[in-house]
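We count ligands from 1, going down the list as the structure has it; atoms in each ligand are counted the same way. All values reported here derive from a predicted model rather than from experimental measurement.
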Amino acid sequence: MIVQTVTAYFDNAATTPTDPRVKEEMQPFLDSIFGNPSSLHRQGRLAREAVDIARGQVAALVQAASDEIVFTASGTEASNLALTGLVQANASRPVHIITSRIEHPAVMATCAALERRGAFITRLPASRDGLIDPADLAAALRPDTKLVSIMTANNIVGTLQPIAELGRIARSAGILFHTDAVQAGGKFPMDLRSLPVDLLSLSAHKLYGPKGVGALYVRKGTRISPVIHGGGQERGLRSATENVAGIVGFGCAAEIARSSMAGETVRLVALQDRLIEGLCSGQLPAYLIGHRYKRLPGHICLGVAGMEGEAMHLLLELDAQGIAVSSGSACSSHHLDAPSETLLAMGFDPVRARGSLRITLGRFNTADEVERLLEIFTKILRKLRPISSRAAGPPAELPAAEGGGLQKSASPSAFKKHF
Ligand code: PLP
């Protein structure tokens, strides 16, 4: 077994450490309570009861009803079920789907696969800040549009989309709306009683739960077909014996996220602002990518002017000092040389689109770790690229992000208002 400790972990968008309280809650379901939830004996009934409790906890995180939550094996599978399930439920004629150019591969690759099977896909552009313009969605609607799928928060730049507005446009045209909320889940309040969203994907390992468990919210009355066939678990939408321990962990993680959200958002935004100030106020050549305020709390995407080709070098230097950051997204480690599709869609050239660093703060990061990151990062930058006394910001050809400047982030209530 390889056991390696990381001094300071700043890659919480790739995955989060499992909260010790979650592990404790899961343990009995890896030991003594091992029954199959479909079994009728006491062991089975205990497992079923635990799955039902967890379903309620995940539902409460997004203000849904318990029977609107379908457990899956991942966020990726949840989005596959939403999109492919919708197309299969409309199998009699080709379907038009509107999505964006900045989606995670869970949606992007599913759309490409559906396109090969005859679906029509429209991919909306993003602004320099990484925002989808609702007017573009309204203009892309067609009589055969059956689904709009736009992510709640982007996994590379952290930008929050105007989901309520986009959903309203879809709903007023009688079109279903799916959102990949894998990055956003548990980070700010979401109320599906009022949000015009019909399908929503979540993943446990992004909110301090275990890997290998996800969920799809399916609004009552929304018709999708299963993509995995078998014993009919999860109301027939996702056959397979339930991952009971994982689901229990997901429920516990959702409950903790819900109850600690308000305080945690304030803390993360303060740490994020300290980092942005320290890195992007002009002393260093680093610049912030993505919208200054409409972003996930604690999510920073950086470019380093003149060093975009060396992001991997920076990442490895930081790693050698015990600091874990990302060069874009975990998935990009499969395509080390490929520029980020998200940054390309935001208008970055291929060199810059290959060269971002992502620093994502989480529950277990401390103010001391942030100071250590600032100190080490500054030293590394000065070593790799002697800094001139002139203030360095984004390259001149990059227009300043909307709402630019380095004022403090909006308060947590702004997140609420956003939705
Ligand atoms: N969607 C987004 C926005 C993500 O960031 C990720 C993971 O990075 C996924 C989907 C995939 O989730 P999972 O790892 O649970 O399959």
Could you verify whether a donor N or O on one side chain and an acceptor N or O on the other, from His205 and Thr15, lie under 3.5 Å apart? yes
Do Asn154 and Thr159 have side-chain atoms, one donor and one acceptor, less than 3.5 Å apart? no
Within a distance under 4.0 Å of any heavy atom of His205, pick out the atoms of ligand 1 and give their elements. 13 (P), 14 (O), 15 (O)
So the atoms of ligand 1 within less than 4.0 Å of a heavy atom of Ser203 turn out to be 13 (P), 15 (O)
Verify side chain to side chain contact (heavy atoms under 4.5 Å, CB included) between Leu275 and Leu374, making sure each step is shown before the conclusion. CA-CA 7 Å; Leu275 267 179; Leu374 274 174; 3.8 Å; yes
Under the salt bridge (charged side-chain N to carboxylate O under 4.0 Å, His left out) criterion, do Arg292 and Asp273 qualify, and how do the steps go? CA-CA 10 Å; Arg292 175 66 182 86; Asp273 282 349; 3.2 Å; yes
Region of [X] that comes within reach of ligand 1 [heavy atoms, distance under 4.0 Å]:
X: Ser74; value: both
X: Glu77; value: neither
X: Thr76; value: both

Go through it in stages, so that I can follow the logic: the residues are Ser201 and Asp180, the test is side-chain hydrogen bond (donor to acceptor under 3.5 Å, both in side chains), and I'd like the CA-CA distance, side-chain angles, deciding distance and then a yes or no. CA-CA 5 Å; Ser201 305; Asp180 173 350; 5.2 Å; no
What do you reckon, does Met151 have a nitrogen or oxygen under 3.5 Å from a nitrogen or oxygen of ligand 1? no
Would you tell me which option among Lys211, His104, Lys206 has the nearest heavy-atom contact to atom 9 (C) of ligand 1? His104
Answer yes or no: is there a donor N or O on one side and an acceptor on the other, between the side chain of Gln272 and the main chain of Ile300, under 3.5 Å? no
